[in-house]
Amino acid sequence: MKTLIPASAIELEGPWTHRHVSAGGAAFHVADMGEGMDHALVLLHGFPEHWWAWRDVLPTLAESTSRVFALDLRGFGTSDLTRGDCDLQQMANDVIGVVRALGVASFSVAGIGIGGTVAWMIGALAPLELRSIAVLSAPHPLGVQPVIGRAPWAGGRVLQGRLALPTGRERALRSGSLVTTVFRAWASPGNVDGLVSQSGTYRAALRRPFAAHTALRGLSAARKISREERRLLAEPVRVPVLSLVGRDDGAWSALDHAADAQFVDAPLTQIVIREAGHFLPEEAPQAVAEALSAHVVAHAN
């Protein structure tokens with residue numbers, strides 16, 4: 001008998017308001033702080049997480065921005081878990097649709113991991129409302145180096161290859177074992193135990209019906225770029241970009257980030273954060289909050 005996972009196990013309480021927003025024929029969950037309608041900062045999580053990844057950063061960002069909300073991407077958290085096809089362009093349009101549904105006049109977007117890949121695509125789509133983007137642990141999708149043939153074959157890069165294989169991933173994600181594996185492979189070693197101990201809500205979300213499947217679908221959408229998406233992404237981003245990189249990120253190397261500048265026709269700032277890996281809002285929340293606040297405030301108008 002399957003255990004029913006209540007939404008309250010995922011939409012944890014705090015100084016934010018949980019909302020569900022309809023956009024593009026689907027429902028999306030946001031943890032919302034502030035009431036500003038002129039500008040908002042949208043925060044996008046990575047794999048295998050959800051909005052909770054931003055819990056330590058949201059309150060600080062709310063002090064410097066009139067509106068900030070963390071959104072569960074399609075297929076994650078308590079957003080739409082409907083099975084079916086999903087691609088990177090749709091995930092980007094989902095975010096734009098939520099902003100418009102909320103009636104916010106302009107926005108900046110910050111995403112970590114696959115959320116950062118979605119942010120790059122939003123930049124490529126160039127909605128008029130977009131003011132800036134920030135990518136955390138997310139090299140430009142067209143600049144990423146092939147996993148096969150890399151040297152050295154560090155554990156985190158081996159995992160990138162394993163995650164592209166269909167066998168056993170869904171079962172491992174549903175059981176929670178893959179969550180632990182990802183943290184151990186991609187986080188800074190000194191931060192792994194803390195991440196694993198705080199991962200209960202991620203594990204709960206992935207035990208919901210279809211959730212492991214739709215989370216892996218989202219990961220695949222961010223990794224397998226179609227020809228049309230490549231054409232869009234080849235156009236340089238024309239708003240300011242902030243790139244935050246964890247020095248100990250096991251998912252990506254410096255080579256993956258090396259080509260970012262050729263895809264940006266605007267100011268690009270890269271900051272390397274020491275003693276942090278892939279999961280920057282949880283591993284280095286103060287450094288992330290300070291860098292994001294300065295970037296968003298500078299480019300909000």
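Along the sequence shown, residues carry numbers from 1. Heavy-atom basis, side chains included; hydrogens, waters and symmetry copies ignored.
In this structure the side chain of L242 never reaches within 4.5 angstrom of the side chain of V135, judged on heavy atoms. Put simply, the side chain of L136 reaches to within 4.5 Å of the side chain of P281, judged on heavy atoms. Side chains of L41 and F69 form no contact here, defined as non-hydrogen atoms less than 4.5 Å apart. Looking at L81 and R74, their side chains never come closer than 4.5 Å, going by heavy atoms from C-beta outward. Put simply, the side chain of I96 does not reach to within 4.5 Å of the side chain of D94, judged on heavy atoms. Contact annotation: the side chain of R171 never approaches that of L178 to less than 4.5 Å [non-hydrogen atoms, C-beta and beyond]. In this structure, V109 and F107 have side chains that are in contact, with non-hydrogen atoms separated by less than 4.5 Å. Two residues are said to be in side-chain contact when any heavy atoms from C-beta on lie closer than 4.5 Å; P127 and I122 meet this criterion.
Not counting sequence neighbours, E35 has no partner by the side-chain contact (heavy atoms from CB on, under 4.5 Å) test. In this view, T180 and R184, V196, R203 satisfy the side-chain contact (heavy atoms from CB on, under 4.5 Å) rule, not counting sequence neighbours. Not a single salt bridge (Lys or Arg N to Asp or Glu O under 4.0 Å) links E290 to another residue, sequence neighbours left out. Here R100 pairs with E129 under the salt bridge (Lys or Arg N to Asp or Glu O under 4.0 Å) rule; sequence neighbours left out.
Counting only distance, with no hydrogens or angles, the side chain of T214 and the backbone of G75 share a donor-acceptor pair below 3.5 Å. At distances below 3.5 Å, not a single donor-acceptor pair connects side-chain atoms of S293 with backbone N or O atoms of L61. The closest donor-acceptor contact from the side chain of W120 to the backbone of A138 lies under 3.5 Å. Looking only at distances, no side-chain donor or acceptor of R67 sits under 3.5 Å from a matching main-chain atom of A40. The backbone N or O of E229 sits nowhere less than 3.5 Å from a side-chain atom of Q89 that would complete a donor-acceptor pair. Panel note: side chain D249, backbone G246; no donor-acceptor pair is recorded below 3.5 Å. Proximity of a side-chain donor or acceptor of W16 to a complementary backbone N or O of L12 within less than 3.5 Å is detected. S106 contributes a side-chain N or O that, together with a main-chain N or O of D38, makes up a donor-acceptor pair within less than 3.5 Å. When atom types are taken as modelled, the side chain of S108 and the backbone of R131 share no donor-acceptor pair closer than 3.5 angstrom.
For the atom pair CH2 of W252 and NE2 of H278, the computed distance is 8.0 Å after rounding to the nearest 0.5 Å. Atom CG in L206 sits 13.0 Å away from atom NE2 in H213 (nearest 0.5 Å). With rounding to the nearest 0.5 angstrom, the CE atom of M33 is 14.5 Å from the CH2 atom of W54. In this structure, the separation between CZ on R208 and CZ on F76 is 14.0 Å, given to the nearest 0.5 Å. Atom CG in D87 sits 9.0 Å away from atom CD1 in I225 (nearest 0.5 Å). Atom CZ of R169 sits about 7.0 Å away from atom CG of L219, to the nearest 0.5 Å.
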Next on the checklist: Run Y202 and V182 through side chain to side chain contact (heavy atoms under 4.5 Å, CB included) and show every step you take.
Outcome noted: CA-CA 12 Å; Y202 304 136; V182 170; over 6 Å; no
Checklist entry - Going through the distances and angles, do F47 and L216 end up as a side chain to side chain contact (heavy atoms under 4.5 Å, CB included)? => result CA-CA 8 Å; F47 177 89; L216 287 166; 3.9 Å; yes
Checklist entry - Yes or no on side chain to side chain contact (heavy atoms under 4.5 Å, CB included) for L43 and L71, after CA distance, side-chain angles and deciding distance? => result CA-CA 6 Å; L43 305 174; L71 182 150; over 6 Å; no
Item to check | side chain to side chain contact (heavy atoms under 4.5 Å, CB included) between S137 and F279, intermediate numbers included | outcome: CA-CA 8 Å; S137 310; F279 304 95; over 6 Å; no
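By the 6.0 Å contact criterion, CZ on R247 is enclosed, its count of non-hydrogen atoms from other residues, nucleotides or ligands being greater than 12. Residue Q286 qualifies as open at atom CD: its count of foreign heavy atoms under 6.0 Å is 12 or below.
Side-chain atoms of D72 and S79 form no donor-acceptor pair, as typed in the model, at a separation below 3.5 Å. E11 and T78 are linked by a side-chain donor-acceptor pair at a separation below 3.5 angstrom, with hydrogens and angles left out of the test.
Residues L88 and A221 share a closest heavy-atom pair of CB-O, 3.6 Å. Heavy-atom minimum distance, L195 versus A187: CD1-CB, 3.4 Å. For the residue pair H50 and I10, the shortest heavy atom distance occurs at NE2-CG2, 3.6 Å. Heavy-atom minimum distance, M91 versus C86: CG-SG, 3.6 Å. Here the closest non-hydrogen pair linking L244 and A291 is CD2-CB, 4.0 Å. Looking at every heavy atom in both residues, A110 comes nearest to L292 through CB-CD2, 3.9 Å.
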Show which side-chain atoms of residues 257-277 pair as donor or acceptor with protein atoms under 3.5 Å away, not counting sequence neighbours.
unit_1, atom_1, unit_2, atom_2, d
D260, OD1, H140, N, 2.9
D265, OD2, R238, NH1, 2.8

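When the side chains of ILVMFWY residues are joined at heavy-atom separations under 4.5 Å, either directly or via intervening members, V297 and I133 end up in two distinct hydrophobic clusters. Hydrophobic clustering keeps W186 apart from V245 (ILVMFWY residues linked when any side-chain heavy atoms are closer than 4.5 Å, directly or through intermediates). A continuous path of ILVMFWY side-chain contacts below 4.5 Å connects V239 to L142, so both sit in one hydrophobic cluster.
Identified under the ring-ring contact (aromatic ring centres under 6.0 Å, His included) test for residues 23-44, with sequence neighbours left out: H18-H29, H20-H29, H29-W51.
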